[in-house]
Structures are given as C-alpha cells and as structure tokens.
Engineer: 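For reference, the structure I am asking about is given below.
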Amino acid sequence: MVGLVSRRKSSRETAATAHQWIADLKSIVRASETAAHLSERMVESPRRNTAQADQMQRMLTELGSAAQSSASEAKVVAASAAEQLAGAARFVNG
C-alpha cells in the first residue's frame, strides 16, 4: 500500500512537472513568434525606406528638370522684355 501511495505521489509530481514544462515551452514559443515578427518588421523597415528614398530621388529629378525649364522660359521672357524696353526707349527718343 505504501508503494502504491508513493507511486501515485511520484506520478502526480511527474504530471505537475510535465505541465510546467508545457507551460514553459508555450512561453518560449510565444517569445519566438514575437521575435520572428519583430525581425520581419526590422527587415521590412529598411526596404520601405529604400523605396521611399527612390521615390524622393525621382521627384527631385523631375523638380530639377522643371526648374531648368522655368529658368529657360524666364530668360526668354527677360530677353523679350529687354527688347520691348529698348524699342520703347527708341520710340520715345525718336
């Protein structure tokens, strides 16, 4: 009888230990899943930054081209205005 009680106690201790191991393993799995998720985010962040930098570079290139066009047009307008001013001066001075 003492042997049976001892075996039951041992079985309960073994079961309790197994339950604790299972709980510990579940915690490890959750921590691993969290780490994997955070790692994915860490990898994705530089990718998004690179894509955004590429888009900004394209925009800056387009803006540079637009600024060059505007500068060229402004030179044409300034030259025309200078010609008109010279013509008006010749008209006034006769």
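The structure displayed is predicted, hence computed values, not measured ones.
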Engineer: Verify whether one side chain among T61 and R58 offers a donor that lies under 3.5 Å from an acceptor in the other.
Structural biologist: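 Distance-only check fails for T61 and R58.
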Engineer: Once you round to the nearest 0.5 Å, how far does CG of N49 lie from CE of M56?
Structural biologist: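 Answer rounded to 0.5 Å: 10.5 Å.
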Engineer: Could you tell me the separation between the OG atom of S27 and the CD1 atom of I22, rounded to the nearest 0.5 Å?
Structural biologist: 12.0 Å
Engineer: Atom CD of residue position Q68 - does it have more than 12 heavy atoms of other residues, nucleotides or ligands inside 6.0 Å?
Structural biologist: no
Engineer: Rounded to the nearest 0.5 Å, how far apart are CG of L60 and CD of Q55?
Structural biologist: 11.0 Å
Engineer: Tell me which one of I28, T34, V29 satisfies side chain to side chain contact (heavy atoms under 4.5 Å, CB included) with S32.
Structural biologist: I28
Engineer: Just verifying a value: how many Å separate L85 CG and E83 CD, rounded to the nearest 0.5 Å?
Structural biologist: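 That separation rounds to 11.0 Å.
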Engineer: With distance as the sole test, does S45 use its side chain to make a donor-acceptor pair with the main-chain N or O of R41 at under 3.5 Å?
Structural biologist: no
Engineer: Hey, what do you get for CD (E13) to OG1 (T17), rounding to the nearest 0.5 Å?
Structural biologist: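 E13 CD to T17 OG1: 7.0 Å, rounded to 0.5 Å.
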Engineer: Is a salt bridge present between E33 and R30, judged by a nitrogen-to-oxygen distance below 4.0 Å?
Structural biologist: no
